Amino acid sequence: MKRIVLILLVAGFISACTGKPSHEAEMDKFIDNLMSQMTLEEKIGQLNLLSMWFDVTGPRMSEDVEQKVKDGLVGGVFNFWTPNAVRKLQDMILAQTRLKIPLLVGYDVIHGHRTIYPIPLGLAATWDTQLIERIATAVADEASADGLQWTFSPMVDIARDPRWGRVSEGAGEDPYLGAEIAKAMVRGYEQGDLSNQNTIMSCIKHFALYGAAEGGRDYNTVDMSRLRMYNEYLPPYEAAVKAGASSIMTSFNEIDGVPATGNRWLLTDLLRQQWGFGGFVVSDWTSLYEMEDHGVGDRAKVTEMAINAGLDMDMVSEYMIEELPALVKAGRVKTETVNAACRRILEAKYRLGLFTDPYRGASEERAKAKIMSPEKLALSKEAALKSIVLLKNEHQTLPLDPSKKIAFIGPLVKNQRTLVGNWCAASDWEQVENLWEALENKYGSGKFLYAAGCNLVENESIRRMTDPQGNVIDSRPSQQLLAEAVQTAQQADVVVAVLGEAYDMSGEAASRTSIDLLDNQKALLKALKETGKPVVLVLMNGRPLTLQWEHDNLDAILETWLAGTRAGDAITEILFGDANPSGKITMTFPRNVGQIPIYYNHKNTGRPFNNDSKFTVKYIDIKENTPLYPFGYGLSYTKFEYSDVQLSDSTLVGDGKITASVTLTNSGDRAGEETVQLYIRDMVGSITRPVKELKGFQKVALKPGESRQVAFSITTELLKFYNAGLQWTAEPGEFTVFIGGCSDVNNNAKFTLK
Ligand code: BGC
C-alpha cells in the first residue's frame with residue numbers, strides 16, 4: 001500500500017513539473033532510464049523491423065532473424081503469430097539479450113485474422129461505420145489473442161483507378177467516406193487505450209497518395225498538385241491521425257519527385273508539424289532500399305535522407321542497422337535524431353504494455369476462446385450480407401424462387417479459396433463453406449443443377465501469375481465444359497452464373513489493363529444467354545469491372561466482392577430473399593476501361609459532357625461518357641422514394657446551421673435498408689470546385705409502406721475546402737444540396753452562405 005502511495009506521489013510530482021498526464025510522465029521516466037543504458041547500436045536496433053516466417057513481396061528478404069534478435073539488432077518482427085511462437089520469441093529476448101526489450105509483433109491483418117470479413121472495398125460498400133468499427137474491434141480481439149500487437153491497417157489510400165489491384169484493400173474513391181471509415185477502423189483496433197490487451201496498434205497506410213499511381217500501375221509515380229492532395233487525397237490520412245492511430249506506413253511512390261520514405265515535407269512538415277502526429281513512422285517493405293532504384297542516392301545517402309525526413313522504423317531493408325552507425329559517426333545524422341526515432345518505438349511498446357507483459361496476455365486458452373468464435377462468425381456474415389450490392393434486377397428476377405429449377409453455373413460455385421480474398425494468410429480457407437455447400441446446407445442436396453462451365457482462368461499466362469489454390473483446374477476441353485453448361489442451363493428455369501476474378505487478380509502488384517471478365521467467362525455468359533433462360537450473374541471480384549455487355553444482356557447482376565468466411569451463406573440468403581441487398585458501391589464502375597480515371601466528384605469543364613451538345617467530348621466507341629454504375633449506387637428488392645429536399649432556411653450565416661431533409665418512403669413490399677446520401681456543390685469558388693461532394697450519409701431501415709424524415713445539419717465547417725493559398729476556408733455564395741440514394745442524384749435545393 002505504502003509503495004503504491006509513493007508511486008502515485010512521485011508520478012504526481014513528475015506530471016506537475018512537466019505538465020503531462022502522470023502515466024505519460026511515468027513513461028518518459030521509464031524510457032529515459034532505459035535509453036540511458038542503450039548503446040547507439042542498440043538504439044538503432046529498435047528501428048529495424050524484420051519479416052519472420054515468410055516472404056511477402058519485395059526485393060530483399062530477412063535472414064538470420066533469430067540471431068539478429070539475440071544481438072539486439074531488431075525492434076520488431078512481422079509475418080509471425082500464435083501465442084506459443086510469440087512467447088518463445090519474447091522469452092528468448094528476456095533470457096538472451098542485454099536489455100530485454102520486448103519485440104513488437106505485427107502482421108497484415110487486413111480484413112480479419114482467422115475469421116475473414118469482406119475485403120475492405122466490400123466493407124466500405126456497407127456504408128456502416130458502426131459495423132466497421134465493431135469489426136475492427138473483433139479483429140483486434142482475435143489477433144491479439146493470437147499473439148499479435150500490431151496490424152498494418154487501415155489502408156486509407158483514395159483510389160480512382162480500378163486497374164490498380166489494391167483498390168480491393170481500401171474504401172474507394174471518396175475522401176469523406178474514406179475518412180469516416182478510417183476513423184472507425186482506428187477506433188476499433190486501438191479503442192483509445194493500447195494497454196487493453198484486446199486491442200492492437202493500427203498503422204495507417206500508405207502515406208501518401210499511393211492510390212494515385214499512374215495508370216493504376218502498382219508502385220508507380222504520383223504527380224499531384226497540392227490542391228488536389230489537400231482537398232481530395234489527404235483527408236482520410238489526416239482523419240486517421242486525429243483518431244489516434246499510433247503508427248503510419250510510408251508509401252512506395254514519390255511525391256514532388258522525392259520518394260515518400262525520404263520525403264521530409266511529408267513526414268515532418270505535414271505529418272508531425274501540421275497534423276501533430278505523435279506515433280512512429282514505419283517504411284513499407286524495403287521502400288527505403290528501393291529509394292536507390294528511384295535514383296536519389298546510394299544506400300548511405302537514402303538512409304540519411306529517410307531518417308532525417310522523419311522515418312523511424314525500416315521494414316526489411318536493414319539499412320538502418322547497416323548504414324546508420326557510420327552516418328552518426330560522420331555527423332550526417334544527429335544522435336538526437338536516432339534518439340527521437342528510438343524513443344517513439346519504445347513509447348509504442350510501453351503503451352502496448354509490453355514492458356509489464358511481453359506476451360500481452362496471449363495464451364493458447366485465450367486464442368481458443370477467441371478465434372473463430374460464434375460471435376465473430378456471425379459478425380462476418382452480417383458484414384457479408386451488408387456488403388453485397390445489387391447492380392441490376394430486371395423483371396424481379398431476384399430474389400429466386402426455390403420451387404423453380406435453378407442451375408448454378410461457373411467455376412466459382414464450388415470454389416472456397418476465392419471467397420476469403422487476398423491478405424488472409426492466417427485464415428484456414430479450406431474450412432470455408434463455398435456457395436454450393438451453403439446452398440445444399442440450406443436446401444438439401446440434389447435440389448439444384450450444377451456445371452463448372454469453364455475454368456476460372458483459362459488463359460495460360462494469367463493462370464501462371466495467379467495462385468493455383470484459387471484455380472482448381474478442370475482438365476476437360478473448354479468446348480466440353482461449355483457444352484455441359486449449356487445443356488444444364490437448358491434444363492433450368494433460371495440460370496445463376498457465378499464468375500469473377502481469382503482472388504489474387506486483385507491486391508498488391510495485381511494491376512490489370514482490362515477490367516472485363518476474362519474471355520472464357522464472357523464466352524460462357526454469351527452461351528448461357530443464348531439459351532433464352534433468365535441469367536443472373538453473381539460476381540466475386542476485388543475491383544470495379546467493366547460490365548456493359550453483362551448489363552445490356554443479363555437479367556440481374558449481384559456484386560458480392562470477396563466476402564469472407566461466411567460468404568456462401570450470405571450470398572445464399574440474398575439470392576433467395578431471406579435478406580435484402582443494401583450495399584452501395586464506393587468506386588465508380590466504368591463502361592469502358594478508356595474512361596478511367598472516372599469518379600463522381602470531378603470538376604466541371606468549360607464544355608461539360610452532354611449527349612445532346614455538339615461542343616462536348618465524344619468517345620467514338622461508346623455511346624455515353626457516363627459511368628455504368630456511379631459511386632453510391634446499389635439497388636434493393638424494395639423501392640425507396642424520396643420527397644423533394646427541404647431546407648430549414650435559404651441562408652446560412654456564420655457559425656449557424658441549417659437543416660436539409662427529405663422524407664424517405666419504402667414503397668415496395670419488403671423491409672429494406674437505404675443509405676441516404678447528402679452531396680453539396682459549391683457553385684462559385686475562388687478556385688474551381690467539384691460538381692458534387694459527399695458531405696453526409698445515414699443508413700435507414702424501413703418496413704414496407706413506412707416513411708421517415710431524414711435530416712442533415714449543414715454548417716459552415718461542412719462547406720470548407722483548401723483554397724489556392726491552402727487555407728481551410730468556406731467562401732460566401734450559392735450552394736446546391738442534393739439528397740438521394742446515389743451520387744447521380746438530381747433532387748436538390750439551394751441556399752446561400754453569408
Ligand atoms: C505492402 C504493405 C504491407 C507490407 C507488409 C508491402 O508490400 O505494400 O501494404 O503492409 O508489404 O507485408
Side-chain angles (χ1 to χ4, degrees), residues 48-62 65 74-81 103-113 119-121 139 143 148-159 164-171 182 185-186 189 200-213 216-222 236-237 240 245-255 259-261 279-291 293-294 311-318 421-427 504 506-511 542:
N48 196 25
L49 174 66
L50 296 183
S51 170
M52 195 72 190
W53 273 348
F54 51 83
D55 184 28
V56 183
T57 57
R60 194 169 179 174
M61 297 187 207
S62 304
V65 181
V74 183
V77 293
F78 68 114
N79 290 334
F80 183 70
W81 63 91
L103 290 168
L104 275 179
V105 181
Y107 185 52
D108 287 279
V109 180
I110 304 299
H111 53 116
H113 177 56
I119 52 165
L121 189 62
V139 167
L148 289 169
Q149 310 147 7
W150 185 23
T151 174
F152 303 136
S153 166
M155 181 184 113
V156 304
D157 307 319
I158 294 298
W164 189 49
R166 302 199 79 170
V167 302
S168 61
E169 298 176 54
M185 292 186 76
V186 171
Y189 288 139
I200 48 176
M201 180 164 68
S202 61
C203 184
I204 311 161
K205 69 188 191 186
H206 305 82
F207 195 56
L209 319 180
Y210 183 36
R217 288 189 288 276
D218 208 359
Y219 313 126
N220 228 268
T221 305
V222 171
Y237 305 103
S246 297
S247 67
I248 193 164
M249 185 187 292
T250 62
S251 53
F252 288 120
N253 55 279
E254 64 175 65
I255 294 172
T261 303
F280 72 90
V281 181
V282 62
S283 76
D284 200 348
W285 184 292
T286 57
S287 63
L288 172 53
Y289 170 102
E290 290 167 36
M291 284 172 66
D293 284 319
H294 279 275
L311 181 73
D312 299 310
M313 194 176 228
D314 163 16
M315 187 192 290
V316 181
S317 305
E318 300 191 59
N422 233 306
W423 285 126
C424 54
S427 85
D504 49 1
S506 60
E508 186 170 352
S511 297

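Quick caveat: nothing in here was measured; it's all calculated off a predicted structure. Read the numbers this way: they start at 1 and go in the same order the structure lists the ligands and their atoms.
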Review point. Given Trp150 and Phe280, is the ring pair (Phe, Tyr, Trp, His ring centres under 6.0 Å) satisfied, shown in steps?
Key: CA-CA 12 Å; Trp150 185 23; Phe280 72 90; 5.4 Å; yes
Check your understanding: How far apart are the C-alpha atoms of Thr151 and Asp108, what are their side-chain angles, what is the distance that settles it, and do they pass the side chain to side chain contact (heavy atoms under 4.5 Å, CB included) test?
Key -> CA-CA 5 Å; Thr151 174; Asp108 287 279; over 6 Å; no
Practice item. Evaluate the criterion side-chain hydrogen bond (donor to acceptor under 3.5 Å, both in side chains) for residue pair Asn79 and Ser51; output intermediate values, then yes/no. Key: CA-CA 6 Å; Asn79 290 334; Ser51 170; 2.9 Å; yes
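Aromatic ring orientation, Phe78 versus Trp285: perpendicular (interplanar angle above 60°, classes split at 30° and 60°).
Not a single N or O atom of Tyr210, backbone or side chain, sits closer than 3.5 Å to an N or O atom of ligand 1. Residue contacts with ligand 1: His206 is placed with a nitrogen or oxygen under 3.5 Å of a nitrogen or oxygen of the ligand (distance criterion only). Annotation: Trp423 places no N or O atom under 3.5 Å from an N or O atom of ligand 1; distance criterion only. At least one N/O-N/O distance between Lys205 and ligand 1 falls below 3.5 Å.
Listed by number with element, the atoms of ligand 1 under 4.0 Å from a non-hydrogen atom of Phe252 are 7 (O), 8 (O). Numbered from 1 in the order shown, with element, the atoms of ligand 1 that lie under 4.0 Å from a heavy atom of Asp284 read 1 (C), 2 (C), 3 (C), 4 (C), 6 (C), 7 (O), 8 (O), 11 (O). Listed by atom number, the atoms of ligand 1 under 4.0 Å from Trp285 heavy atoms are 6 (C), 7 (O), 11 (O). Atom numbering of ligand 1 starts at 1 in the shown order; those under 4.0 Å from a heavy atom of Phe152 are 10 (O). Interface of Phe78 with ligand 1, defined as ligand atoms under 4.0 Å from a residue heavy atom, comprises 5 (C), 12 (O).
Contact annotation: the side chain of Trp423 never approaches that of Ile119 to less than 4.5 Å [non-hydrogen atoms, C-beta and beyond]. The closest side-chain heavy-atom distance from His113 to Trp81 is below 4.5 Å. Counting only heavy atoms from C-beta outward, the side chains of Met201 and Gln149 never approach each other to under 4.5 Å.
Only the side chain of Glu508 comes within 4.0 Å of ligand 1, judged by heavy-atom distances. Neither the backbone nor the side chain of Met155 comes within contact range of ligand 1; no heavy atom lies under 4.0 Å.
Among Asp218, Asp108, Val316, the residue whose heavy atom sits closest to atom 3 (C) of ligand 1 is Asp108.
No side-chain donor-acceptor contact under 3.5 Å links Asp284 and Thr250. Under 3.5 Å, the side chains of Tyr219 and Glu508 contain a donor-acceptor pair of N or O atoms.
Heavy-atom distances between Glu169 and ligand 1 stay at or above 4.0 Å for every pair.
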